[in-house]
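Note on naming: letters A, B, ... go to the chains in the order of the sequence lines (proteins, then strands), and numbering restarts at 1 for each one. Source: prediction; values computed, not measured.
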There are 2 protein chains.
Amino acid sequence: MAVSVRDVAAAASVSVGTVSNVLNRPDKVAPATVERVLAAIEELGFVRNDAARQLRAGRSRSIGFVVLDVRNPFFTEVARGAETRAADAGLTVLLGTSDEDIERERVYVDLFEEQRVHGVLISPLADDLPRLQRLRDRGTPVVLVDRQAHDRSFSSVAVDDIAGGRLAAEHLLGLGRRRIAFVGGPESIRQVADRLEGARRAVAEVPDASLEVVPTENLTVLQGRAAGEVLRARPAAERPDAVFAANDLLAMGVLQALVMRGDAKVPGDIALIGYDDIDFAAAAVVPLSSIRQPAALIGHTAVDLLLREADADDDFTPEQVVFQPELVVRASTAG
Amino acid sequence: MAVSVRDVAAAASVSVGTVSNVLNRPDKVAPATVERVLAAIEELGFVRNDAARQLRAGRSRSIGFVVLDVRNPFFTEVARGAETRAADAGLTVLLGTSDEDIERERVYVDLFEEQRVHGVLISPLADDLPRLQRLRDRGTPVVLVDRQAHDRSFSSVAVDDIAGGRLAAEHLLGLGRRRIAFVGGPESIRQVADRLEGARRAVAEVPDASLEVVPTENLTVLQGRAAGEVLRARPAAERPDAVFAANDLLAMGVLQALVMRGDAKVPGDIALIGYDDIDFAAAAVVPLSSIRQPAALIGHTAVDLLLREADADDDFTPEQVVFQPELVVRASTAG
DNA sequence: CATCGATTTTGAATCGATTCATAGCAGATT
DNA sequence: AATCTGCTATGAATCGATTCAAAATCGATG
């Protein structure tokens, strides 16, 4: 059933080496021969077997990307950025979701290693760096995405989330708000912890300002709505006058809970800001202020670093790229 | 550098066959030997080379899934459904986006074929069925997702979009609305054409009802907003009293444009219904009525059909599964 | 002690594309 | 005619896990 190079070679009356050359270095083969071989390929319906190819080459032409959550538009945007850059280099990106589950993260990392991918991009869940270290030591380049490698042992692309948290909080404080609530969790996720830390620092600098944490179980719209309900259920006087949500999904949930019954006006009673600036943020009925991260650029850069590591000699020095987040003001924090 | 079964075998003083057996049929190997081999594997940091494995096996343990657009939450939901089902069978799902571009669709299909994937799930863009037919003839099972195979030559999982369109329109007509606008495009996308057709039929059955089409270039929030602007710019008397958007992304865009300046109230002045019932729909500030499709179930079923085809003998009969859509009423069409 | 059956282990052959040292060949040069 | 140059084409060897027929090992039984 399966048609191999050998069959093509026989049909075109050439050797297997020549077929391979037609496939990979057509300029090294006489034009007439190329034509004959291509005709045979067409006629037999030959399709290269990638497994055999990889086996010989040692590495695959794919990059594995393990993201925290495919349903978060921020990550799909990063993935798309990575994909276009990879395509330029003739590579493909394979996506895997850890769904904030350590076990699934491991499964994907192992799978990618068995596939001898060109490299692994990963937004690691927790601090399982030793595992990634081993992966790298065995020869698979690794780039951390959306996480800074503090010990400088890995290449990484990150956005300064502490600065982002500060940016959001300072914006709210600048509006004159003083009772700020941070909605987000769990704090084991580094992004959440950093954004909170940034906000804490900004609030600490303003004497009469306070910061309250409303924890969530994950970073979804549903959890945001639950957190919003908690706030809405309080007497008006005890509500915060500003909410900083750890990401836009949460913020949209909060928004819905607050505005649904008209109890609290956004931004009148409560100013609201999210994080990531996903497409839906601008499209919310009260367009959402947010902290923008250069998602596509992050993806691009991650692939660049990966390729640099893959092509490097032994004395490769990892590189840490940190982007600065940007405040985007919309109606939800107007006035 | 690379550690192979041969190295492990040497370290454990056994043959390569035994190492392979430990990996794949541990019950066939004496317990003491298993332990010795596992110790060697651990010590050397051996990782199976999947390419070699596949080469021998003939097929990979992955399923390729080509979706129209990863940024549409409906498709990521289908993909997740497929993924969980595939995981049960010990398979992995690799995602590729065609982004409504025929060329990219081809690239992914070719890639998956070269990888000898277990099978291909695809929401085909246009009618390039002959190409898929060839793929299937060469031995790769193919299941069409979100598209019905009218000629019954392929297995397929679809939702009756004509029924869905009718459902949406009848709901609006049932509210007493008579001047309905359909927002969506391009009509070359089958889903769009079918939903419109269903709406047309429903409207045709009500004497004084009319249907107007407001075309869009694609199915994004941005395009929805543009369409909404077009409607809002009209004198109030010339606006439709109901809008049916071809999907929820468009609907959310329309919603924002209409409500932004308070010119038109939803559902007071204009009732609005979308399609897909994505998570964001319920979370919109005016919660969006929609036509629900069983996304996860579609993914599950697609994988089931794929496995059935993969395990089948030569005389396999493709199966077409069609789900019925379901109306979900929320505030945007209340009253 | 020989024989038999069951269990465990062996290792050469295999999958298919690629590589590379070698050979073949035509035309140019001496 | 002999030698050299540049271009093409060749095909055995290779990558690493798996398979499977055959061999080895072990107990048990007559």
Non-hydrogen side-chain atoms of B:Asp146 and B:Phe74 separated by less than 4.5 Å
yes

Is any side-chain heavy atom of B:His300 closer than 4.5 Å to a side-chain heavy atom of B:Thr84?
yes

Rounded to the nearest Å, what distance is computed from the [atom1] atom of residue [X] to the [atom2] atom of nucleotide [N]?
X	N	atom1	atom2	result
A:Ile41	C:dA17	CD1	C1'	12 Å
A:Arg6	C:dA17	CZ	P	8 Å
B:Arg61	D:dA17	CZ	C1'	15 Å
B:Asn24	D:dC20	CG	C1'	14 Å

Test: side-chain hydrogen bond (donor to acceptor under 3.5 Å, both in side chains). Region: residues 111-126 of chain A. Which pairs qualify, not counting sequence neighbours?
A:Glu113-A:Arg138

May I have the list of side-chain donor-acceptor pairs in residues 31-38 of chain B shorter than 3.5 Å, sequence neighbours left out?
residue, atom, partner, partner atom, Å
B:Arg36, NH1, B:Ala12, O, 2.5

Which pairs pass salt bridge (charged side-chain N to carboxylate O under 4.0 Å, His left out) with one or both residues in residues 15-27 of chain B, sequence neighbours excluded?
none

If you look only at pairs with a residue in residues 78-95 of chain A, which of them pass as a salt bridge (charged side-chain N to carboxylate O under 4.0 Å, His left out), with sequence neighbours excluded?
A:Arg80-B:Asp99, A:Glu83-B:Arg104, A:Arg85-A:Asp88, A:Arg85-A:Asp304

Once base and sugar-phosphate atoms are separated, protein heavy atoms under 4.0 Å mark nucleotides 21-27 of chain D, 5' to 3', with B, S and - as -------

Any residue of [range] with a heavy atom less than 4.0 Å from an atom of DNA chain D:
range	result
residues 50-58 of chain A	A:Leu55, A:Arg56
residues 111-120 of chain B	none
residues 42-49 of chain A	none

Return the angle between end axes of the helix from C:dC1-D:dG30 to C:dT30-D:dA1, with five pairs used per end and rounding to 10°.
70°

Within the distance-only criterion (no hydrogens, no angle test), does the side chain of A:Thr140 pair as donor or acceptor with the backbone N or O of A:Gly119 below 3.5 angstrom?
no

Counting distance only, does the side-chain N/O of A:Ser155 pair as donor-acceptor with the main-chain N or O of A:Glu319 below 3.5 Å?
yes

Please give me the minimum heavy-atom distance between B:Phe46 and B:Leu23, naming the atom from each residue.
CE2-CD2, 3.9 Å

For A:Ser20, answer base if it contacts any base atom (sugar-phosphate contacts may also be present), sugar-phosphate if it contacts only those atoms, and nothing otherwise; contact means non-hydrogen atoms under 4.0 Å.
base

Taking atom CD of A:Glu217 as the centre, does the number of heavy atoms from other residues, nucleotides or ligands within less than 6.0 Å exceed 12?
no

Residue-phosphate contact under 4.0 Å: B:Arg25 side-chain N/O, D:dT19 OP1/OP2
yes

Among residues at least two apart in sequence or on other chains, which ones pass side-chain hydrogen bond (donor to acceptor under 3.5 Å, both in side chains) with B:Glu77?
none

Side chains of residues 3-11 of chain A: which donor-acceptor pairs under 3.5 Å do they make with residues two or more places apart or in other chains?
residue, atom, partner, partner atom, Å
A:Ser4, OG, A:Arg6, N, 3.2
A:Asp7, OD2, A:Ser4, N, 2.9

Tabulated below should be each protein N or O lying under 3.5 Å from an N or O of nucleotides 8-10 of chain C; please produce it.
residue, atom, partner, partner atom, Å
C:dT9, OP1, B:Thr33, OG1, 2.4
C:dT9, OP2, B:Ala30, N, 3.1
C:dT10, OP2, B:Ser15, N, 2.7
C:dT10, OP2, B:Ser15, OG, 3.2
C:dT10, OP2, B:Thr18, OG1, 2.9

